[in-house]
2 protein chains.
Amino acid sequence: MTEKDDFSLQDFLPFLLNRAAEDSSLAFQAHYKNRYGMLRNEWRVLFHLGIFGQMTAKEIGERAKIHKTKISRAVAKLAARRFVSRSRDEKDRRSEHLRLTPAGEAAYRDLRSQAQSYDAQLAQRFTPQEVALLRDMLRQLAGIEAPDSQEGEQGGD
Amino acid sequence: MTEKDDFSLQDFLPFLLNRAAEDSSLAFQAHYKNRYGMLRNEWRVLFHLGIFGQMTAKEIGERAKIHKTKISRAVAKLAARRFVSRSRDEKDRRSEHLRLTPAGEAAYRDLRSQAQSYDAQLAQRFTPQEVALLRDMLRQLAGIEAPDSQEGEQGGD
DNA sequence: AAATAATAGTTGGTTTTGTAACTAACAAGG
DNA sequence: CCTTGTTAGTTACAAAACCAACTATTATTT
């Protein structure tokens, strides 16, 4: 099984990114899956609501670049488990405002601390400068604006 | 929609990695999907065979960390489309050796060149040093040994 | 204001993945 | 050998993702 070709898959950025993403997701998945029976899109929604307090499904979808059907189903599950509450916007009755219930807040705080320590654990392998650069580059690749310049200017789907 | 919490999802490595991976995969996906009707695991298998010439399903799975059922299905599709040929190992009739047919080789060469130019396009956003560091860090996070030190010592699943 | 278009979110049917159980072939121990 | 255990790969069933069509509501056009 020796290489007959100079191309290296293990240098190809999309491959590397996917592998790193899968690997790093796996360990964190255990927390939200085992402890709260959540799926990936569910913790993402939970985190958005935990961070921003109140959002509509559309706003979450735009910020996280998650398709609306995934949001819809994630919200439905979170609402069924009483982690989020929904309230119609009376100005525009098509949309509804989502926020965490106390139980949702508790789950969020718990998972946030798991996330923080897991992130630290990953970051630990590198110097602080390296990690900062890594995050910058990943944001670049993901089309996310830098954390300080808070402008929403996306290519859209 | 202003933050009420200091935790930033856009700094959380698993989130960033996933978003960057999804985004970077999207453009490359168009090539193998539209032109060859392939799925992600199929081009991965194709590339492994293109690079290494001949492998068993197990070897591909180990190297790419893809589960054997995904390999099995990917190989089945590639074989049905006459991109790979299978031949039983006569010493151990459980396993079979896979290799690309001429059509598979052609598809591989085409996609490889797409991959190379797409990778260059991604890398272009950064300095060569930054890209080199990025690849190193991603390999670290993905549990892939450096490209020169060719040892297979994985945590296993 | 009636008709048309656009938007927020949901639902249904198909494809893909995930997981476990399965078959076939080999390996080891009694 | 003949049971028991392992390994390579496949298959089956359930869960999840994908994509398109749908409902309800608001905005725009004539």
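Throughout, a chain's letter reflects where its sequence line sits, starting with A, and its residues are numbered from 1. No experiment lies behind these values; they were computed from the predicted model shown.
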- prompt: Angle class for the B:Tyr36/B:Phe83 ring planes (parallel below 30°, perpendicular above 60°, tilted otherwise)?
  reply: perpendicular
- request: Pick base, sugar-phosphate or nothing for B:Leu39, based on heavy-atom distances below 4.0 Å to the nucleic acid.
  value: sugar-phosphate
- prompt: Do A:Lys65 and A:Glu62 sit within salt-bridge range, that is, some charged N less than 4.0 Å from a carboxylate O?
  reply: no
Which atom pairs link the protein and nucleotides 1-3 of chain D when you take only N or O atoms and keep those under 3.5 Å?
none

- request: Take B:Ala57 and A:Lys33, find for each the nucleotide of DNA chain D with the closest heavy atom, and name the residue whose nucleotide sits nearer the 5' end.
  value: B:Ala57
query: Where is the tightest heavy-atom contact between B:Leu13 and A:Asp119, given as atom of each residue plus distance?
result: N-OD1, 2.8 Å
- prompt: How long is the line joining NZ of A:Lys70 and C1' of C:dT17, in whole Å?
  reply: 13 Å
query: Should the pair B:Phe12 and A:Phe47 be assigned to parallel (<30°), tilted (30 to 60°) or perpendicular (>60°) ring geometry?
result: parallel
query: Looking at residues 72-86 of chain B, who's got a heavy atom less than 4.0 Å off DNA chain D?
result: B:Ser72, B:Arg73, B:Arg86
message: Using 30° and 60° as the class boundaries, would you call the ring planes of A:Tyr118 and A:Phe28 parallel, tilted or perpendicular?
response: parallel
task: List the atom of B:Glu59, the atom of B:Met55, and the distance in Å for their closest heavy-atom pair.
output: OE1-CA, 3.2 Å
query: Contact class for A:Lys58 (heavy atom, under 4.0 Å): base, sugar-phosphate, or nothing?
result: sugar-phosphate
task: Can you check whether any acceptor in the base of C:dT7 is under 3.5 Å from a donor in the side chain of A:Arg94, or vice versa?
output: yes
task: Could you tell me which non-hydrogen atom of A:Val75 sits nearest to which non-hydrogen atom of A:Val45, and how far apart they are?
output: CG2-CG1, 4.2 Å
- line: In terms of heavy-atom contacts, A:Leu78 and A:Glu42 come closest through CD1-O, 3.6 Å
- prompt: With a non-hydrogen cut-off below 4.0 angstrom, is B:Thr56 in contact with a base, only sugar-phosphate, or nothing?
  reply: sugar-phosphate
